[in-house]
Amino acid sequence: MLNLLRMDLYRMLRSKSVYICLAILLMMVMVSLGMVSLVATPQGQEMAVERGIFTAEDLAQTEDILQGVDTLLMLRQTGMDGGMYNLIFGIWVMLFVCMDYQSGFMKNLMAIHQNRWNYVASKILTAGIVSLCYLVLQCIAVLMMNRVLGNVVPYTSFGDMLFYLTWAWLLTVAFASMIILVCVWTRSVAAGTLAAVLLGTGMVVGPLYALLNMLHVGGWLRYTIYFSLSMGPGHYGSLADLYVYLVGGGFLILYAAAAGIVLRKQDI
C-alpha cells in the first residue's frame with residue numbers, strides 16, 4: 001500500500017488539476033473578502049461609491065454587516081458552509097480517480113497490486129492530504145487578508161479554529177470517499193461530476209430536508225455530510241458538539257468499505 005501511496009502522491013504533485021482547484025478556492029477567499037472590504041473599510045467604501053458599486057444609502061444599510069463575524073466565520077462563508085469547497089474538492093477527486101480508468105492504467109495497477117483494498121486506502125489517504133493542505137492554506141489566506149484589510153474582524157481563538165478544521169477535514173475526507181465509491185462503481189467522469197455537484201452543494205439533501213421538515217420527519221438529514229459541514233459547531237461547548245466527528249468517521253468507514261467491496265467484485 002505504501003508503494004501505491006507514494007505513486008499517488010507523486011502523480012498528485014505533478015497534476016495540474018490539484019493546483020487549479022487550489023487556485024479557485026483561494027480566489028474565492030480573495031473575492032469574498034475583497035467584497036467585505038468595500039463595505040467594512042473607509043477606503044473600500046469610498047472606492048465603492050466613486051465607482052458606482054454601492055451608493056451611500058446602500059452602505060448605510062450594511063453598517064452592522066460584520067457584527068458578530070470573526071475569521072472563522074469568514075472562512076466558513078467563503079465556500080465551506082455552502083458546499084462550494086466540497087464541489088471543487090470533489091471534482092478534483094473525481095479527476096484523480098477516473099484518470100486511472102481513462103488512461104487504462106487501472107489494469108496495470110490491479111495486475112501488480114492485487115489487494116484492491118490498498119487501492120481504495122491509497123486514494124482516500126491522498127485525498128485526505130490534499131484536503132488538509134487546502135483547508136490550511138484557505139485558513140492562512142483568510143488570516144492574511146484580514147490583516148491586510150486592517151483587522152476588520154476579530155481573530156478566532158486557536159482552539160476554536162483547530163476544533164473546526166479537524167472535524168471539517170474529517171467530513172471532507174468522508175465526502176471524498178463517497179466520490180471514490182461513485183467513480184469505481186460507475187467508472188464514469190459524468191457520474192462522478194454529477195455526484196460532486198448534486199451532493200456537494202446540497203442540491204439533493206437541501207430540498208429533501210425542506211420537504212421532509214414540513215412533515216416533521218426531516219431531522220435525520222442534519223446528520224448528512226452536507227448539513228453537518230454547513231451547520232456544525234464553531235467551537236467546542238459540550239460533548240454533543242462532537243457529533244460531527246461521528247458523522248465524518250461513520251460515513252468515511254461506510255463509503256470506504258463500499259468502495260473496496262465494489263472494486264473487489266469488479267472485473268477490471
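The residues of the chain are indexed from 1 along the displayed sequence.
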Next item on the list: Hey, can you tell me if Y255 and F251 have their rings parallel, tilted or perpendicular (30° and 60° cut-offs)?
Entry: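 Y255 and F251: parallel rings.
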Notebook entry, point to check: Aromatic rings W167 and F163: how do their planes relate, parallel, tilted or perpendicular, breaks at 30° and 60°?
Noted result: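 Rings of W167 and F163: perpendicular, as their planes differ by over 60°.
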Do [X] and [Y] have side-chain heavy atoms sitting under 4.5 Å apart?
{"X": "L87", "Y": "M84", "answer": "yes"}
{"X": "T126", "Y": "R11", "answer": "no"}
{"X": "L75", "Y": "Y164", "answer": "yes"}
{"X": "L25", "Y": "F89", "answer": "no"}
{"X": "I88", "Y": "M28", "answer": "yes"}
{"X": "L229", "Y": "D81", "answer": "no"}

Shared ILVMFWY cluster between [X] and [Y], side chains joined below 4.5 angstrom?
{"X": "L170", "Y": "Y226", "result": "no"}
{"X": "L162", "Y": "Y245", "result": "no"}
{"X": "M144", "Y": "Y134", "result": "yes"}
{"X": "I24", "Y": "V197", "result": "yes"}
{"X": "V182", "Y": "Y119", "result": "no"}

Looking at every non-hydrogen atom in both residues, tell me the closest pair between [X] and [Y] and how far apart they are.
{"X": "G90", "Y": "A196", "value": "C-CB, 4.0 Å"}
{"X": "Y85", "Y": "S131", "value": "OH-OG, 3.0 Å"}
{"X": "P233", "Y": "Y243", "value": "CD-CE2, 4.2 Å"}
{"X": "M94", "Y": "I179", "value": "N-CG2, 3.9 Å"}
{"X": "I124", "Y": "A256", "value": "CD1-CB, 3.5 Å"}
{"X": "A257", "Y": "W117", "value": "O-CH2, 3.5 Å"}

Between atom [atom1] of [X] and atom [atom2] of [Y], what is the distance when rounded to the nearest 0.5 Å?
{"X": "Y19", "Y": "S17", "atom1": "OH", "atom2": "OG", "value": "9.5 Å"}
{"X": "T224", "Y": "F175", "atom1": "OG1", "atom2": "CZ", "value": "11.0 Å"}
{"X": "L9", "Y": "R14", "atom1": "CG", "atom2": "CZ", "value": "14.0 Å"}
{"X": "T78", "Y": "M27", "atom1": "OG1", "atom2": "CE", "value": "13.5 Å"}
{"X": "L171", "Y": "M80", "atom1": "CG", "atom2": "CE", "value": "8.5 Å"}
{"X": "M178", "Y": "C183", "atom1": "CE", "atom2": "SG", "value": "9.5 Å"}

Margin query: For a side chain to side chain contact (heavy atoms under 4.5 Å, CB included) check, start with the C-alpha distance between Y223 and L246, then their side-chain angles and the critical distance, and finish with the verdict.
Written below: CA-CA 9 Å; Y223 301 101; L246 296 177; over 6 Å; no
Polar side-chain atom of [X] near backbone of [Y] as donor-acceptor pair, under 3.5 Å:
{"X": "S122", "Y": "N118", "result": "no"}
{"X": "D241", "Y": "S238", "result": "yes"}
{"X": "T156", "Y": "L72", "result": "yes"}
{"X": "S228", "Y": "V244", "result": "no"}
{"X": "D70", "Y": "V153", "result": "no"}
{"X": "S32", "Y": "V29", "result": "no"}

Note to self: Is there a side chain to side chain contact (heavy atoms under 4.5 Å, CB included) between V18 and V130? Walk through the geometry before answering.
What the structure shows: CA-CA 8 Å; V18 70; V130 171; 4.0 Å; yes
Next item on the list: Keeping to residues at least two apart or across chains, list the ring-ring contact (aromatic ring centres under 6.0 Å, His included) pairs with something in residues 190-211.
Entry: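 Qualifying pairs, neighbours excluded: Y209-F227.
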